[in-house]
Novice: 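Right, I'll just put the structure down here and ask away after.
Remember, it's a predicted structure, so these values are computed and weren't measured experimentally. The residues of the chain are indexed from 1 along the displayed sequence.
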Amino acid sequence: MPQPWQDTSLSAEDRAAALLSSMTLEEKLAQLVGVWPGSEAEEGEDVAPLQHEVSEAVDLDGLLPHGIGQLTRPFGTSPVEPAEGAAALARLQARIAAGNRFGIPALAHEECLTGFFAWRATVFPTPLAWGASFDPALVGRAAELIGGSLRSAGIHQGLAPVLDVVRDARWGRTEESIGEDPYLVATIGTAYVRGLESAGIVATLKHFAGYAASRGGRNHAPVSIGPRELADVVLPPFELAVRDGGARSVMHSYNDLDGVPSAANPWLLTELLRDTWGFTGTVVADYFGVSFLELAHHVADTRGGAAGLALAAGVDVELPAVRCFGTPLRDAVRAGEVDEALVDRAALRVLRQKCELGLLDADWSPMPSALAGAVDSAGPVDLDPPEMRAVARELAEESVVLLSDDGDVLPLAPDARIAVVGPLADDPAAMLGCYTFPRHVGVEHPDLPLGIEVPTLFAALRAELPGARISHAEGCAAPGPAASAGDAGGAPSAGAAALTAESRLAQAARTAADADVCVAVLGDRSGLFGRGTSGEGCDAADLELPGDQAALLDTLVATGTPVVLVLFTGRPYALGRWSRLLAAAVQAFFPGEEGGPAVAGVLSGRVNPSGRLPVSVPYAPGGQPWTYAQPPLGLRGDASSIDPTPLFPFGHGLSYTSFAWERPEADATDVPTDGETTVRLTVRNTGDRAGTEVVQLYLHDPVARIARPVSRLIGYARVPLRPGESAEVHFAFHADLASYPLGADGTRVVEPGALELRLASSSADSDVRHTVPLTLTGPERMVDHRRRMVCEVRVK
């Protein structure tokens, strides 16, 4: 006879409550913690902040009688063959369920920012490349495939997406973010959430909130933004992903907001997230975030005190391992320092989610679908199948941005003499961000092969242009710490290692001088906590090209051979120094395992570039931080000697074809403050090859009661067209999209008055193709989280 909590005819809430009522305090607390098996045995560098200082040995046998809430990174801690990993996880889950009196298994989570975070799994483009695609549908499809892969191996929760809006590109985690615009981040991020959740995986929104707005672009630094910036820039992506995306988990951020750590902020984690937005899932700690209340923020002086603060604020699960929510919290509850009702509140949420995932069903089995056989099955499990590689290729191709093109060199001639020069030209690491298995874990295992095929740009160009004569030179050392033998791309050859910096430059100059065109391949080498030039804890002092790459580019330009700059980076870099010296410039943001062929396709002309910048590219490395959505005083002015105007603005990107935009029409130009209108625009491909235009809709509010951005994105559409073909783009503008936070409490208002819709090819004033004046009429309206947040778009 099944127990009440196993009865699937009951609601998840009732089942969870029935189970909770039968549990001891120790059993409840066990559901609120994670266990990170194997992490204490890893002797390499930290992959989480202060990992080896805070981690403690796991007494699994001692924990089993009370149960285990979560399993941390069963695939992403050390290399394991996929089939062996799935079988090991199944055995561990069976052991966990058998070890406690209710038969409750753990909820297993993994990173999934660029795909299933496992050895031999597909590596998709990094989130900054998602933003460059301006394609929520494709990002959602990628997430659906990633979710299916996770689920098939026994994983229940994915720690993605990152919804932090870039405020300062010096921040090392810029590569993990989607862009500098809250609307782009919200819509792309919500599509990823929908895709992951549709596969049955609990999506986890990171990092709530304000993490990317840290002082000086430094990781783990304080955040001191005002309430209006918080409401208008930082919060909307999370708001939309909870409301429309159906995200079932949120991860608190490491930072404090005006002195209040996010892990101890009841306004943020309870009043706003749950009471206002209606979130019903679980709030999980960023790794060691509860401990940091004691060790870093110093708002608690004991582990139990930190646990009490976090639990009261609304943190439900301590990750990655038990340190505060175990014995210290138990003792605090028994001493009357923490109300047991708070433990019950969190445990009920965790158990309800386990019910929703089927983990409390009477017929639950630890066997994942990938094995489809005995637990000891050693059959192959393919985590990098052709379907996933195809979507990774499509997303990579859509994310490549053609920054500049003088029209004389690109596409490359099929029989040209091409010099491919640069430290990243023949290095798979050029394609991979810090939250990919090879760059996050693989570098700690020197003899480990990549496990997946990652063609370099040099190799991809040779395959793309078999009739061309292609030569190669490094030019300078790779940026960041030297590659180890097991690093993506391998160790440099003995001959290359023996070259001095001067001889490398001279060799590169000779190689370029003997060619018709030089492709300079520069950028970042991702890593963690200072072990790279981009990635978590790899913050930059400025936005100069890292290492000796600027000197190399100067040398190549000086040869007189036309230079095409290709950047593989995790952030934008200042390029104004070469703005008039390059034949063309191409930007790719860590485009994943198919990035080499994708960029080679753009260079050859097989792929007509359609990517658009999700972050502005600065002219000079100073003037930071800066993003395009500035009020008037944030733009260039005579009161300052610093001109923050970017070299290439947000939304910028070129194509090999041309497009004409006909004058738009609006159904109505007088719109009630609670009404809407539709704006229609016809776009025509006037060139001789197929291409995709990205139409962007910006809002300009001439006069408001507080200083507002001169222009901000409120809609966009990808419009693929064959030569001579046209399409009509419909934007459904609702007055709610003009709302802004008037009060310091985040209260939003829609006020009557004049507005201007700007149809543009980028955020720059010079790229505005047409304007549509509107007048909002009627009374002023107050709006809340139920407002219209998305401009619905149709392409006909």
Novice: Checking side-chain contact (heavy atoms from CB on, under 4.5 Å) between Arg758 and each of Asp767, Leu713, Val772, Asp765, which is the one that passes?
Specialist: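 When Asp767, Leu713, Val772, Asp765 are each tested with Arg758, the side-chain contact (heavy atoms from CB on, under 4.5 Å) holds only for Asp765.
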Novice: Restricting to salt bridge (charged side-chain N to carboxylate O under 4.0 Å, His left out), what partner residues turn up for Arg215, sequence neighbours left out?
Specialist: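 Testing Arg215 for salt bridge (charged side-chain N to carboxylate O under 4.0 Å, His left out), a comparison that skips the adjacent residues, returns none.
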Novice: Distance alone, cut at 3.5 Å: any donor-acceptor contact between the side chains of Tyr698 and Glu756?
Specialist: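 Side-chain D/A pair, Tyr698 to Glu756: absent.
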Novice: Is a donor on one side and an acceptor on the other found under 3.5 Å between the side chain of Thr677 and the backbone of Ala668?
Specialist: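 Present.
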Novice: Identify whether the distance between the nearest side-chain nitrogen and carboxylate oxygen of Arg173 and Glu536 falls below 4.0 Å.
Specialist: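 A salt bridge is present here (some side-chain N lies under 4.0 Å from a carboxylate O).
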Novice: Could you give all pairs that pass the side-chain hydrogen bond (donor to acceptor under 3.5 Å, both in side chains) test and reach residues 647-656, with sequence neighbours left out?
Specialist: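 Checked against side-chain hydrogen bond (donor to acceptor under 3.5 Å, both in side chains) - neighbours excluded - the pairs reaching residues 647-656 are Asn608-Ser655.
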Novice: Among all residues two or more places apart in sequence or in another chain, which pass the salt bridge (charged side-chain N to carboxylate O under 4.0 Å, His left out) test with Asp736?
Specialist: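 If we apply the salt bridge (charged side-chain N to carboxylate O under 4.0 Å, His left out) test to Asp736, skipping adjacent residues, the hits are Arg781.
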Novice: Between His700 (side chain only) and Val710 (backbone N and O only), is there a donor and an acceptor less than 3.5 Å apart?
Specialist: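 Such a contact is found between His700 side chain and Val710 backbone.
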Novice: Quick check with a 6.0 Å cut-off and a 45 degree axis cone: is Lys206 positioned over the face of Tyr192's six-membered ring?
Specialist: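 Output no; distance or angle outside limits.
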Novice: Can you name the residues that form a side chain to side chain donor-acceptor pair (under 3.5 Å) with Asp674, not counting sequence neighbours?
Specialist: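 By the side chain to side chain donor-acceptor pair (under 3.5 Å) rule, Asp674 matches no residue at all.
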Novice: I'd like a table of donor-acceptor pairs (distance under 3.5 Å, sequence neighbours excluded) in which one partner is a side-chain atom from residues 257-272, with atom names and distances.
Specialist:
| residue | atom | partner | partner atom | Å |
| --- | --- | --- | --- | --- |
| Ser262 | OG | Ser253 | OG | 2.9 |
| Ser262 | OG | Asn255 | O | 3.3 |
| Asn265 | OD1 | Trp267 | N | 3.2 |
| Asn265 | OD1 | Leu268 | N | 3.1 |
| Thr270 | OG1 | Ala313 | O | 2.7 |

Novice: Hey, are Asp670 and Thr777 close enough side-chain-wise for a donor-acceptor pair under 3.5 Å?
Specialist: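 Asp670 and Thr777 do not have a side-chain donor-acceptor pair below 3.5 Å.
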Novice: If the condition is side chain to side chain contact (heavy atoms under 4.5 Å, CB included), which residues does Arg248 pass it with, not counting sequence neighbours?
Specialist: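 Per chain and number, Arg248 pairs via side chain to side chain contact (heavy atoms under 4.5 Å, CB included) with Glu197, Val202, Gln353, Glu356, Leu357.
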Novice: Name the atoms and distances for all side-chain donor-acceptor pairs under 3.5 Å in residues 614-621, with sequence neighbours left out.
Specialist:
| residue | atom | partner | partner atom | Å |
| --- | --- | --- | --- | --- |
| Ser616 | OG | Glu180 | OE1 | 3.3 |
| Ser616 | OG | Glu180 | OE2 | 3.1 |
| Ser616 | OG | Phe650 | N | 3.4 |

Novice: Under 3.5 Å, is there a donor-acceptor pair between the Thr686 and Ser658 side chains?
Specialist: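 Side-chain D/A pair, Thr686 to Ser658: present.
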Novice: Look only at the side chain of Arg769 and the backbone of Ala760, and say whether a donor-acceptor pair between them is shorter than 3.5 Å.
Specialist: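 Not a single qualifying donor-acceptor pair exists.
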Novice: Which residues pass the salt bridge (charged side-chain N to carboxylate O under 4.0 Å, His left out) test with Asp244, not counting sequence neighbours?
Specialist: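 Asp244 satisfies salt bridge (charged side-chain N to carboxylate O under 4.0 Å, His left out) with no other residue.
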Novice: Which residues pass the side chain to side chain donor-acceptor pair (under 3.5 Å) test with Asp667, sequence neighbours left out?
Specialist: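 With neighbours one apart ignored, the set is Arg680.
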Novice: How close do Val400 and Val586 get, heavy atom to heavy atom, and via which atoms?
Specialist: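 Reported closest heavy-atom pair: CG1-CG1, 3.4 Å.
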Novice: Going by atom types only, do Glu398 and Ser610 share a side-chain donor-acceptor pair under 3.5 Å?
Specialist: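 Distance-only check fails for Glu398 and Ser610.
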Novice: So, the side chain of Arg243 versus the backbone of His785: is there a donor-acceptor pair under 3.5 Å, distance only?
Specialist: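 Yes, the answer is positive, given that a donor and an acceptor are paired below the 3.5 Å cut-off.
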Novice: Verify, without hydrogens or angle tests, whether Thr673 (side chain) and Pro779 (backbone) share a donor-acceptor contact under 3.5 angstrom.
Specialist: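 Yes, Thr673 side chain to Pro779 backbone: donor-acceptor pair under 3.5 Å.
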Novice: Going by atom types alone, do Arg748 and Ser739 pair a side-chain donor with an acceptor below 3.5 Å?
Specialist: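 Per modelled atom types, Arg748 and Ser739 side chains form a pair under 3.5 Å.
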Novice: Under a 4.0 Å threshold between the charged nitrogen and the carboxylate oxygen, would Asp135 count as salt-bridged to Arg718?
Specialist: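 Yes, Arg718 and Asp135 are salt-bridged.
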Novice: Could you check whether Tyr740 and Glu751, counting side-chain N and O atoms only, form a donor-acceptor pair closer than 3.5 Å?
Specialist: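 Judged by distance alone, the side chains do pair up.
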Novice: What residue pairs, at least two apart or across chains, pass salt bridge (charged side-chain N to carboxylate O under 4.0 Å, His left out) with a residue in residues 610-620?
Specialist: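 For residues 610-620: Arg612-Glu693.
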Novice: For residues Trp171 and Tyr211, establish whether the separation of their ring centroids is below 6.0 Å.
Specialist: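 Ring centroids of Trp171 and Tyr211 are less than 6.0 Å from each other.
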Novice: Determine the minimum heavy-atom distance between Leu776 and Ala738, stating which atoms define it.
Specialist: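 For Leu776 versus Ala738, the nearest heavy atoms are CD1-CB, 4.2 Å.
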Novice: Can a donor-acceptor pair be found, under 3.5 Å and without considering hydrogens, that links the side chain of Asn685 to the backbone of Leu721?
Specialist: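 It does hold such a pair.
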Novice: State whether a side-chain donor-acceptor pair under 3.5 Å links Tyr254 with Asn219.
Specialist: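 No, Asn219 and Tyr254 have no side-chain donor paired with an acceptor closer than 3.5 Å.
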Novice: Looking at Arg571 and Glu175, is any side-chain nitrogen of the basic one under 4.0 Å from a carboxylate oxygen of the acidic one?
Specialist: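 Answer for the salt bridge query: no.
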Novice: I'd like to check the salt bridge (charged side-chain N to carboxylate O under 4.0 Å, His left out) partners of Glu792; sequence neighbours left out, ordered by chain and number.
Specialist: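 Testing Glu792 for salt bridge (charged side-chain N to carboxylate O under 4.0 Å, His left out), a comparison that skips the adjacent residues, returns none.
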Novice: Suppose we screen for side chain to side chain donor-acceptor pair (under 3.5 Å). Which residues come up paired with Glu397, at least two apart in sequence or across chains?
Specialist: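 Counting only residues at least two positions away or on another chain, Glu397 forms a side chain to side chain donor-acceptor pair (under 3.5 Å) with Arg606.
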